[in-house]
> 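Quick one: structure below, then a few questions.
Numbered from 1 within each chain, the chains take letters A, B, ... in sequence-line order.
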Amino acid sequence: MADKVIYLREKPVSLSPADERNFKIKYAELLNPAQLAAVTHRDGPLLVVAGAGSGKTRTLIYRVARLIESGVPPGAILLLTFTRRAAQEMLRRAEQLVGDRAGAVAGGTFHSFANNVLRRMGAPIGLKPNFTILDRSDMEDVVNLLRTRMGLASRERRFPKKGTIAEAISMARNKRRALEEEIEIDFPHLGEHQTEILELAKNYESYKRERGLLDYDDLLYRLAELLEQHENVRRRLSDSYRYIMIDEYQDTNLIQADLVRLLAMNHRNVMAVGDDAQSIYSFRGANFRNIMDFPAIFPGAKIVKLEENYRSIQGILDVANDVISRAGEKYTKALFTQREGGFRPFLVRAQDEHMQSRFVAQRILELREEGVELGQIAVLFRSSFHSFDLELELQRRDIPFIKRGGFKFIETAHIKDVLAHLRVIANPADAVSWLRVLTLVKGIGHRTAERTIDALIAADDPAAAVAKLADQARGGADGGLKRLAALLAELRDVQKRPPEQIAMTLEYYLPVMREAYADDYPKRERDLEHFQNLTERYKSLEQMLADMALEPPNDSLDGMLATDSDDERLTLSTIHSAKGLEWKVVFLIWAADGRFPGPQSVGDDEMEEERRLMYVASTRARDELYLSYPIHMFDRSFGFVMGRVSRFLEDVPAELLQTATLQESE
DNA sequence: TACAAGTAAGTTTTT
DNA sequence: CTTACTTGTA
C-alpha cells in the first residue's frame, strides 16, 4: 500500500439507474432483487439473513466485485470467513468477475487475521512478533505440566484431567464468563475442585505471558485488548480496512462480535451474512443471537433476507423445512425453490452398521455407472468415528475418498514432535516444545526436562546450552543430547527454508521415532513424508508454524491415492466440516437416536443445536439425499441394542420420504 | 530418577 | 483408543 488513498465519505454514494452503465457487470440481470439490494448497498451496516443455498456466497462475491468496480481499493476490503479455504474460494470466484484486482482483498478467519495483526502491531501490548500459537493439545500439555507442578495429581479425590480443565478454561473465555460461573453452569461436577482449578487457570495465564505463548482464545482476546487500549492502532486498522464483510455470522461468539464492532467503529461499513437456523457452533461459544443483536450494535442497519433456494430440489427442501419447523425456536424464514423434481429423499433401514456401509458403497458405484462423478457425492455423519466401518468398506472396493473433519494428522505425536524442534528455533521461549524435544532424548524424562528448561530459555544460544547439558549428563543421555545440540545448531546457523529444515530434523528424528514407536513406525514414516510434501511451498518458518496451528491440513491419507484428483474422490465429512458446501448426492449415515443426536445431548439447548445440524446436513444435497440408520447397533455397556431412527426424522410426514429396508440378495 | 508394563476409566463437533 | 496413575526394575 504505497499510494495514499483519500476517501470521500460525506454521503453514501447512491447510484441512479443511469450510473449502472458505468459498471461492466450487469448486476440487475444476474441477481434476484434481494441479492441485488445487498450487493448494491454501499456504506453503513448491513445484515443479510440468508437461508441455506440462497446464493449467499454469490452475494458476497458480487458485492466485492461491485465495491471494486466502484473504485474501492481491493486492499481496503476485509473478508472474514470461517475457514481460509472459504476465503480463498470466494476470492478466486471474485477474480473471475473483476480480474486480478480481487487478489488484493484481505481475508481469512478471525484467528488468522488476529495472528497477522498481532505479529505486525502487537508491540504496544507487549507481544513479540515471534510468539508461538498453542493449539488445543499444546494447551493441554501446559495444563498437565501445571497440574503436576502444583501437586494436584496425587490426592484422594481424583483431580479432573487436562482435557476437561482446558475445555472449561476455554469455554469460559469463549462465552465471556468468569471461570467460576462457567464451572457452575457447564461443569457442576468439578465444583469441589474449583479453588484449585481457578489457581491453575491463573498460573496458565502467567505461564503463557512469560513465554510468548498464545492459545486460540488469546488471539482474539489480545486483539480486542490491542484495539481497545490503543486507539491509534484501531484507527490505523479501521482506516486500512474500510469495508468489512463477515460470513457465517451465526457462528461468531461474543468476543468476535466485539472485534467486528471495534474494527468498524470509525466507518461502520460492516456487512454480516448468516443464517440463524444454521448455527452449529455453540459448543465453541457461538451465539446465533449475535444475528438478532446486530441491529442493536449497529443502529440503523439495513436488513436483507434471501429466501429463495437455488441448490436443492423441492423434495429435499420439504424434508429440511419440516425438520427445522419442529424447532422450539422460531426462525426467520422458510425456504422455497423453483427446482421441481420427482425425487423424494430416501430413509433407509439397515440391519447393522456393516450393511449400512455396503449399501452406501453399492449405491455410490451405481451412481458412478449413471455418470455421477465421485467428487459430486458426499457421505456425512455426526461424529468422525461413525465412518470407520464405511472407510474399510470403501477401501475394500477401491473407492477413493477424502475425509474431512475429525482426526487431524497434524495432531499425531510424530508430527508434533517434528514441529516442536522447529518451534524452539522460532521461539526459544516456547517451553511446551522444549519439553517435547527434551523428553524425546533417551535418558531424559519429565523431571530432568523440567529442571533444565528455564536455563535453556534464558540462554542466548540454545544449541550451545544443550551441548553443555550433554557434558554434564548422567545415565546415558549425553549421546542423544549431543546429536540434538548439533541439529539445533544446524537449524539456527543458516537461514534455511522450512523444507530443508524439516529434512534436517527428520534425519535426526527418524531413528528416535523408530525406537519410540517400534510397533507402528512405518505408518508414521509415511505420514511424515506426506507432511514434508505439504510444507514444500513455505518460505518462512513463522508462516508455516502459524498455518499449521490455524489452518491445519486435516485430510486423512487413508483411501487416498496420489493419482486421484479432487473430482475423482468421494468426500467423507463431519456435518460441521461440510458447512457451506454442497454436493449433487448426499448420504447421511447413522441417522439414529443415540448417535445423532448423541447420548450427551441432553439439555434443551443442545438438542436444538442437534436439530439445526440435521437441517444443515440435509440442505447440503442438490438432487439426491439418502438418510440411513442401522436397527442393530453396538453399545459399550449393553452390547447390541435396537436402533431407532433419529428423533428429528421420526415425525417427518410419511409422504415426504421414501422408506426402504435392505435385503440380502441370494 | 527414568521408564516399561499393567490396570482402570472416559470417549462430539473446531479455530 | 486415549489418558491417568500405579508398580516394578535399572
> Using 30° and 60° as the class boundaries, would you call the ring planes of A/Phe596 and A/Phe648 parallel, tilted or perpendicular?
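A/Phe596 vs A/Phe648 ring planes: perpendicular.
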> Using atom CZ of A/Phe381 as one end and atom P of B/dT12 as the other, report the distance to the nearest whole Å.
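From A/Phe381 CZ to B/dT12 P: 15 Å.
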> With respect to the side chain of A/Phe283, which nucleotide from B/dT12, B/dT15, B/dT14 is positioned closest?
B/dT14
> Looking at B/dT13, I'd like to know if its phosphate oxygens (OP1 or OP2) sit under 4.0 Å from a side-chain N or O belonging to A/Ser384.
yes
> Check this one for me: any side-chain N or O of A/Arg147 less than 4.0 Å away from OP1 or OP2 of C/dC5?
yes
> May I have the distance from A/His576 (atom NE2) to B/dT12 (atom C1'), rounded to whole angstrom?
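Atom NE2 in A/His576 sits about 8 Å away from atom C1' in B/dT12.
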> How about CZ on A/Arg149, more than 12 heavy atoms from neighbouring residues, nucleotides or ligands closer than 6.0 Å, or not?
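Result for CZ/A/Arg149: enclosed.
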> Atom CD of A/Glu609 and atom C1' of B/dT13: how far apart are they, to the nearest Å?
8 Å
> Which nucleotide in the set B/dT14, B/dT15, B/dA4 lies at the smallest distance from any side-chain heavy atom of A/Ser577?
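Of the options given, the side chain of A/Ser577 lies nearest B/dT14.
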> Pick base, sugar-phosphate or nothing for A/Leu220, based on heavy-atom distances below 4.0 Å to the nucleic acid.
nothing
> A/Lys162 has a side chain; which of B/dT15, B/dT1, C/dA4 sits nearest to it?
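It is C/dA4.
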> Can you tell me which nucleotide in B/dT15, B/dA4, B/dT1 comes closest to the side chain of A/Arg136?
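Nucleotide nearest to A/Arg136's side chain: B/dT15.
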> Go through B/dT15, C/dA4, B/dT1 for me and flag the one nearest to the A/Lys161 side chain.
C/dA4
> Whole-Å distance between B/dT13 C1' and A/Phe385 CZ?
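Spelled out: CZ on A/Phe385 to C1' on B/dT13 is 11 Å.
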> Please confirm whether the ring centroid of A/Tyr509 lies under 6.0 Å from the ring centroid of A/His414.
no
> Parallel, tilted or perpendicular for A/Tyr216 and A/His111, by the 30°/60° rule?
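Correct class here is perpendicular.
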> Write down the distance between NE2 (A/His446) and C1' (C/dC5), rounded to a whole number of angstrom.
13 Å
> Centres of the A/Phe113 and A/Tyr241 rings: under 6.0 Å?
yes
> Just compare B/dT14, B/dT1, B/dT12 and give me whichever is closest to any side-chain atom of A/Gln600.
B/dT12
> Nearest whole Å is fine: how far is B/dT14 P from A/Glu167 CD?
13 Å
> With sugar-phosphate meaning primed atoms plus P, OP1 and OP2, does A/Tyr281 contact a base, only sugar-phosphate, or nothing at under 4.0 Å between heavy atoms?
sugar-phosphate
> Can a donor-acceptor pair be found, under 3.5 Å and without considering hydrogens, that links the side chain of A/Ser387 to the backbone of A/Ser384?
yes
> Check the distance between B/dT13's P and A/Leu588's CG and give it to me in whole angstrom.
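Roughly 15 Å, once rounded to whole Å.
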> A/Asp217 has an atom CG; how far is it from atom C1' of B/dT15, in whole Å?
9 Å
> So does A/Thr574 get a side-chain nitrogen or oxygen closer than 4.0 Å to the phosphate oxygens (OP1/OP2) of B/dT12?
no
> Within the 4.0 Å heavy-atom criterion, would you say A/Ser601 contacts the bases, only the backbone, or no part of the nucleic acid?
nothing
> Please determine whether any donor N or O and acceptor N or O are separated by less than 3.5 Å between the side chain of A/Arg382 and the base of B/dT13.
yes
> Quick one: on DNA chain B, does A/Tyr216 or A/Ala449 contact a more 5' nucleotide (nearest heavy atom)?
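Comparing both residues, the 5'-ward one is A/Ala449.
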> Would you indicate what A/Arg284 reaches in the nucleic acid, counting non-hydrogen atoms under 4.0 angstrom: base, sugar-phosphate, or nothing?
base
> Starting at the 5' end of DNA chain B, which residue's closest nucleotide do you reach first, A/Ala549 or A/Arg447?
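Its nucleotide being nearer the 5' end, the pick is A/Arg447.
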